[in-house]
Number of protein chains: 2
Amino acid sequence: MQTDKLRTALVDDHPIVIEGLKTLLQNETNLEVTSTFFKGEDFLSYIKVNQVDLVLLDVTLPDINGMDLCQMIKRESLSIIVLILSNHTERSIIMQTIQNGASGYLLKNSSLDELRHCISEAVKGNICFSKEVTEIISRPSKNQLQDRPQLTRREKQILSLLAQGKTSHIIAEELFLSPLTVDTHRRNLIQKFSAKNVAELIMEANQLGLL
Amino acid sequence: MQTDKLRTALVDDHPIVIEGLKTLLQNETNLEVTSTFFKGEDFLSYIKVNQVDLVLLDVTLPDINGMDLCQMIKRESLSIIVLILSNHTERSIIMQTIQNGASGYLLKNSSLDELRHCISEAVKGNICFSKEVTEIISRPSKNQLQDRPQLTRREKQILSLLAQGKTSHIIAEELFLSPLTVDTHRRNLIQKFSAKNVAELIMEANQLGLL
DNA sequence: TTGAAAATACCTAGAAATCAGTAGAAATAA
DNA sequence: TTATTTCTACTGATTTCTAGGTATTTTCAA
């Protein structure tokens, strides 16, 4: 650490949230809010010139969405610790931000204690979620509740080859089968997923984590 | 907690790992290893009759893979805390296990301290990773490094409609365009992703988190 | 060993997608 | 305002997919 306090930025399009966070954090000994932004682009420009150690980021921003922004920040500088502070409670959004390099995710109704805790964990290099968020992640996702189609070994195999953009003809050659057989399997796959064609099939299979 | 000690199960196909863990954990005051399994199926049968509070799970098992098993366990009983103990260092595998309800992920070379720490966090309802795993998650994934194709507004729109299994004809109707125009966009999309057809296009788009 | 499920393979025929070009109009950034 | 990108639309030929069936053989569990 180059200074004694973490240079902290806030990015949120609600002035009230910015003010609230500033007030909440002003007595923290280990960090100092050095800049605030309403737009993602502004923050991206800022970090090209200024040093930032930690950023609290909203997901909903006027110009860029927080998930993409998170990625861009990390691309700019890996050393910036990104914590997401959001109202979104959808599992997919939470997972996406972590995928994109965030060190944690908190809901805006989190307590100051939780915020403090997550910041300190993040600084230590850990990934941290607020209580509520952990519950959302742990809760089985929709995919898991909705029972996925039961695929046979051959079907799984052909599904994966289809996902690679291979034609029936090619697949048939690779598996030493008649193209007609592959067609049949393909048809059964489409039916099992109640898809209209292979495109939708691949989409569904992806969403169910089968590819 | 119903008993004073956490009833802990170990699932791993390597007898040596099982023995090692048993030895390591035998002096823990807060848990007791009550059962061990080499195969996933065996464990699934076991929990239908017996109470288990915590399970340490390997990803590579002879019958079922740990990611799917994790999901099945959670479907059987949400109260069982699942910690993954694995040698796999691929990001996608780690994320998948968390998606499937695991409370943490450790590499097999983790220290006993790390294991202790993760267990205690998991019991508290948190999600916890060992140091090395946290680094893997934080490290930008391949997707993010390989720059994704730059799509125009129209292309994004048509991509998403294609993913719904719609034909050029249908899409053209919905967007008040000529089917020939939609064909052109489709072709450009396929080219930008260097895919062989729409199936591969949808697959790629999914992997890049664009759908 | 006897079903049931899975895998294999075929037919016909229409629908849709893909390849390989070209090119004007519209929108947008420099 | 100019330059560039994006959106639009077309031709023609070819390949691949999809939908409706049917049917035999293999495999695996009860």
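Labels below follow one simple rule: chain letters A, B, ... track the order of the sequence lines, proteins then strands, and each chain is numbered from 1.
Remark: B:Glu90 engages B:His88, B:Ser92, B:Ile93 in a side chain to side chain contact (heavy atoms under 4.5 Å, CB included) (not counting sequence neighbours).
Taking atom CD of B:Gln191 as the reference point, atom C1' of C:dA20 lies 10 Å away to the nearest angstrom. For the pair B:Leu201 CG and C:dT18 P, the interatomic distance rounds to 9 Å; values are reported in whole Å. When rounded to the nearest whole Å, the span between CG of B:Asn197 and P of C:dC19 equals 8 Å. Atom CD of B:Gln150 is separated from atom P of D:dT5 by 13 Å (rounded to the nearest Å). Following rounding to the nearest Å, B:Ile202 (CD1) and C:dT18 (C1') show an atom-to-atom distance of 15 Å.
Other residues, nucleotides and ligands contribute only 12 or fewer heavy atoms inside 6.0 Å of the NZ atom of A:Lys39. The neighbour count for B:Glu132 CD, taken as heavy atoms of other residues, nucleotides or ligands under 6.0 Å away, does not exceed 12. Counted within 6.0 Å of CD on B:Glu76, heavy atoms from surrounding residues, nucleotides or ligands total more than 12; the atom is thus considered enclosed. Remark: B:Gln150 CD is loosely packed, at most 12 non-hydrogen atoms of other residues, nucleotides or ligands lying under 6.0 Å away.
A donor-acceptor contact closer than 3.5 angstrom links the side chains of B:Gln71 and B:Arg75. No side-chain donor from either of A:Ser86 and A:Asp58 sits under 3.5 Å from a side-chain acceptor of the other.
Residues B:Arg153 and B:Ile190 each lie close to DNA chain C; by heavy-atom proximity, the contact nearer the 5' end of the strand is made by B:Ile190.
Within residues 164-173 of chain B, the residues approaching DNA chain C are B:Thr167, B:Ser168, by heavy-atom distance under 4.0 Å. Listed by residue number, A:Asp183, A:Arg186, A:Arg187 are the residues of residues 174-187 of chain A with a heavy-atom contact under 4.0 Å to DNA chain D.
Test B:Leu25, B:Val82, B:Leu106 against B:Leu56 for side chain to side chain contact (heavy atoms under 4.5 Å, CB included) and you get one pass: B:Leu25.
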